[in-house]
Structure formats: structure tokens, C-alpha cells
Protein chains: 2
Amino acid sequence: MTQGTQGKGATTSTLWDRTRQLATEEILQTALRLFTLQGYDETTIAQIAREAGVSQRTLFRYFGTKEDLIGGSEEQFVTLLTETVRKQPADAGAWEALRAAFKAALSLHTSPEQALERFRLVHHTDSLRAAYLGKRVRCQEQLLPVLEAKLAPSGTDRGQARAIVATAFACFDAATATWLEGNGQGDILDLYDQGLAAVRG
Amino acid sequence: MTQGTQGKGATTSTLWDRTRQLATEEILQTALRLFTLQGYDETTIAQIAREAGVSQRTLFRYFGTKEDLIGGSEEQFVTLLTETVRKQPADAGAWEALRAAFKAALSLHTSPEQALERFRLVHHTDSLRAAYLGKRVRCQEQLLPVLEAKLAPSGTDRGQARAIVATAFACFDAATATWLEGNGQGDILDLYDQGLAAVRG
DNA sequence: GACAGTTTGGCAGTCACTGCCAACCCGGCG
DNA sequence: CGCCGGGTTGGCAGTGACTGCCAAACTGTC
């Protein structure tokens with residue numbers, strides 16, 4: 001239905017899409033503001049909807065769950081990771097590919113300050129953290145088949161590939177935790193390298 | 001009536017504790033049965049309470065959340081892991097200690113069949129999996145200081161220690177996932193070793 | 001057997017989330 | 001220009017997890 005004819009239009013025209021875009025941004029912004037201001041658990045959907053000027057029902061149509069109000073769509077994230085890995089040169093190893101994927105993911109944040117604030121929020125809120133971890137393992141699962149291709153030549157089986165992917169994500173998490181502990185000092189990717197070095201050294 | 005003469009006091013008698021014990025077992029058993037029978041999301045607290053013969057209110061007093069109805073108390077789990085690591089000989093490395101801890105944790109299951117069923121349930125239910133992952137990272141955090149002691153001599157900093165612990169848990173998860181995929185074939189600890197070998201190879 | 005401290009059960013209430021339906025709006029048609 | 005069709009919005013009622021509160025039931029003790 002809503003497709004085909006208008007692939008070319010300067011930018012997605014349809015007034016609908018534009019207001020939709022505006023609405024999502026307004027909601028996201030309001031949510032983040034309230035979350036950092038008064039805490040995640042202390043902020044109700046009703047309040048966010050009210051202050052963003054939409055109905056609760058609409059808010060839930062835009063974002064399926066309260067947790068989705070933080071940290072962008074899982075789908076987009078998975079796509080970025082898998083595409084980055086896939087685009088890696090054939091002679092690049094699995095570890096390099098994963099590192100490149102994390103680098104790409106990190107570049108999504110608009111500023112280190114915002115990243116810090118967001119990480120802190122997720123890290124300190126049990127329900128948010130659990131939701132994040134859920135997304136994370138789903139990412140791993142999507143990434144697995146892509147990486148298996150890279151690893152097959154060296155006689156690595158699926159179980160081992162899974163361990164490698166899981167380890168990379170684990171070290172990435174450890175790096176962000178350490179980064180958070182240091183209030184954003186240093187570079188996450190450096191911390192990631194150091195952690196991985198300790199593991200693989 | 002039942003007074004001093006045969007109280008002994010050896011094992012905490014108090015009728016209260018005994019009924020309490022019975023009740024928790026009844027609830028746990030009922031919950032597991034219903035979960036595996038009709039699925040986690042399809043089973044309501046009301047149904048579990050009804051079939052276990054307690055009120056919802058009481059059920060929530062015994063187990064704080066629906067997720068707690070599966071996979072024992074986090075506290076007990078953390079204690080087992082940290083104690084196992086602590087009891088490891090001084091000359092054992094961090095990796096050996098962690099392996100020993102996982103081995104101890106695995107020995108908690110009454111049978112491989114039950115473990116398989118439980119893992120499957122957790123693995124297939126998003127909310128349960130998220131809850132499990134949350135507990136897992138909290139375990140990691142508790143384990144971190146204990147392991148730092150072991151690692152300090154070799155000039156490993158906190159960030160690196162965190163990466164090592166995270167990696168161990170990640171490989172353990174990968175191993176259980178692979179084990180699950182193979183419907184319980186082989187030994188989880190073997191799979192863990194293989195995964196870790198691929199990572200550290 | 002009465003008393004004190006717990007535990008239990010029921011009830012009402014909060015909050016995330018869903019299905020349903022009527023009102024609505026944009027974009028295109030005659 | 002007005003109307004129509006398909007997608008959108010908002011309100012409303014309902015479900016399910018979870019909590020606070022209070023009265024009733026119970027256990028262990030004197």
C-alpha cells in the first residue's frame with residue numbers, strides 16, 4: 001500500500017510520515033528527560049504521554065514497551081552490526097570484524113556525554129538492564145550465522161563460534177561498565193582492547 | 001502438646017518453618033508443572049496460587065516476582081559461586097577457579113533431564129531470559145572482587161578482571177545454548193572448555 | 001487458657017500493556 | 001470541490017503482575 005510510486009521524492013514527503021517523525025522525536029525526548037530527571041521507575045507512561053502531547057494508546061503504538069523508549073530500535077541495531085560485519089574484507093578475522101561492528105555501534109551516539117547518561121540510566125535500572133541484555137543476546141544470535149562463514153575455514157564449529165561472539169559482547173559490556181565506573185574517562189574501544197588482551201593473552 | 005520433651009531443637013522444628021517449607025515446595029512444583037505444560041506467559045499467578053492452595057498475596061510473599069518461581073534464589077547461587085572460588089587453592093588461576101564454580105553450579109541440578117527442561121523454558125521465554133541475564137550479571141559483579149585478589153599479582157587491573165569474569169560467563173552461556181541446541185547431548189563443561197579454547201586459542 | 005507476635009487472606013489500587021471501536025485525517029478520485 | 005478509502009488516533013474497558021492495608025487465623029509462650 002504505502003510504497004512503490006514515491007521512492008524518489010526529495011525526502012519522504014507524505015505529511016503523515018513527517019508528523020510521525022516529529023511525534024517519535026518528541027516522545028523520545030520527553031521520555032529521556034523525565035527518566036534522567038526523576039528515574040525510570042518513577043516515571044509513568046501516562047506522564048510521558050501527557051507531556052509529549054499524545055495518548056497512551058498512540059505511545060504504545062509507536063513504542064511497544066516502556067523499555068523501548070530508551071536505546072533505539074533493536075532492529076536497526078542488529079542491521080548495523082550484521083551489515084558492518086558482512087562488509088568487512090574477506091581476509092579480516094572474526095575478532096576484527098566484531099571490533100569494527102562495535103565501533104560502528106558506538107558511533108551512533110551523538111556525544112559522549114549523552115552516551116554516558118544513557119549508559120548510566122540503563123546500568124542502574126534493573127528492568128532496563130535486563131531488557132538491554134535481552135536485546136544483546138538476540139543480537140548475538142543474529143550475528144552468529146554471519147560470523148560462522150568467517151570462521152568455518154579455520155575449522156571452528158558452531159559452539160565455538162558462539163563462544164567467540166559471546167566473548168566479544170561480554171568484553172564490550174565489561175568495557176562500558178569500566179568506562180561508566182570511571183565517569184566516561186578514556187575510550188571504550190581502548191578498554192575493550194585491553195579487556196580482550198587480558199582474556200586472550 | 002508437642003513440647004520440650006521431643007523438641008530436640010536439632011533441626012529447626014517450629015511447625016511454622018515446616019509448613020512454610022512444604023508450601024514453597026508445593027508452589028515451586030505447581031509452577032514448574034504449569035509452565036512446562038502450558039507455557040510461562042500463558043500461566044497466571046492466579047492459577048498457580050489456586051492449584052497450589054495458597055492465596056496470591058501469600059505467593060507473592062514467598063516469591064517476590066513471577067520470574068523467581070523458576071531457578072532458585074539468586075542469593076544462594078551467588079553464595080555458592082563466591083564460596084567455591086574462594087575455596088580454590090591459592091595457586092589455582094582465575095580461569096580454573098571460575099571453571100570450578102560453574103561445575104559446582106551445574107551440580108545443583110537434580111538430573112540432566114530436569115536441567116534441560118528448565119534451560120529450555122528459560123531460553124524460549126523472553127521475560128525469563130531477561131531475568132536470568134540480570135541475575136547473571138549481578139553474579140558477575142559479586143564475583144569480581146573475589147577474583148581481583150587472584151589476579152592482582154599478575155598485574156591485571158579491574159577492567160581486565162571484569163572482562164575475564166564476563167568472558168567466563170559468556171562462554172558458559174554459549175555452552176548451555178549449544179547443549180540445548182543438541183538436546184542435551186554431551187557435557188556442558190566440555191562444551192565450555194571447547195568454547196574457551198576457541199577464544200583463548 | 002489468655003496473650004503476643006506472625007502469618008495469612010482478601011480487597012482495593014497502581015501500572016504496563018492490549019483489543020476494540022468510533023472519530024479523524026491525509027491523499028486521491030470523480 | 002466534495003467525497004471516499006485506508007491508515008491513524010484516542011478513549012475505554014479489561015488483563016495481569018505486583019503492593020499496601022487491615023482484619024482474621026494461627027503458633028509458641030506464660
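Since this is a predicted model, take the numbers as computed values, not measurements. Per chain, numbering begins at 1; letters A, B, ... match sequence-line order.
Counted by atom type alone, A:R136 and A:Q140 present one or more donor-acceptor pairs between their side chains at under 3.5 Å.
Rounded to whole Å, the distance from CZ on B:F63 to P on D:dA17 is 15 Å. In this structure, B:E42 places its CD atom 11 Å from P of D:dG16, rounding to the nearest Å. For the pair A:D68 CG and C:dT18 P, the computed distance is 10 Å after rounding to whole Å. In this structure, the CZ atom of B:F60 is 19 Å from the P atom of C:dG13, given to the nearest Å. Residue A:E67 contributes atom CD, which lies 13 Å from atom C1' of C:dC15 at whole-angstrom precision. If you measure from atom CD1 of B:I45 to atom P of D:dT19, you get 11 Å, rounded to the nearest angstrom. Whole-Å rounding puts the B:K66 NZ to D:dT15 P distance at 16 Å. Rounded to whole Å, the distance from CZ on B:R18 to C1' on D:dG28 is 12 Å.
The number of heavy-atom neighbours closer than 6.0 Å to CD of B:Q29, taken from other residues, nucleotides and ligands shown, is 12 or below.
Between the side chain of A:R57 and the base of C:dG19 there is at least one donor-acceptor pair of N/O atoms closer than 3.5 Å.
Residue whose closest nucleotide on DNA chain C sits further toward the 5' end, between A:T43 and A:R61: A:T43.
A cation-pi arrangement, defined by a distance under 6.0 Å to the six-membered ring centre and an angle within 45 degrees of its axis, is absent between A:K103 and A:Y192.
At least one side-chain heavy atom of A:R99 sits under 4.5 Å from a side-chain heavy atom of A:D193.
For C:dT8, one of the phosphate oxygens OP1 or OP2 lies less than 4.0 angstrom from a side-chain nitrogen or oxygen of B:Y62. Residue B:T44 places no side-chain N or O under 4.0 Å from the OP1 or OP2 atom of D:dG16. Look at B:S55 and you won't find any side-chain N or O under 4.0 angstrom from OP1 or OP2 of C:dT8.
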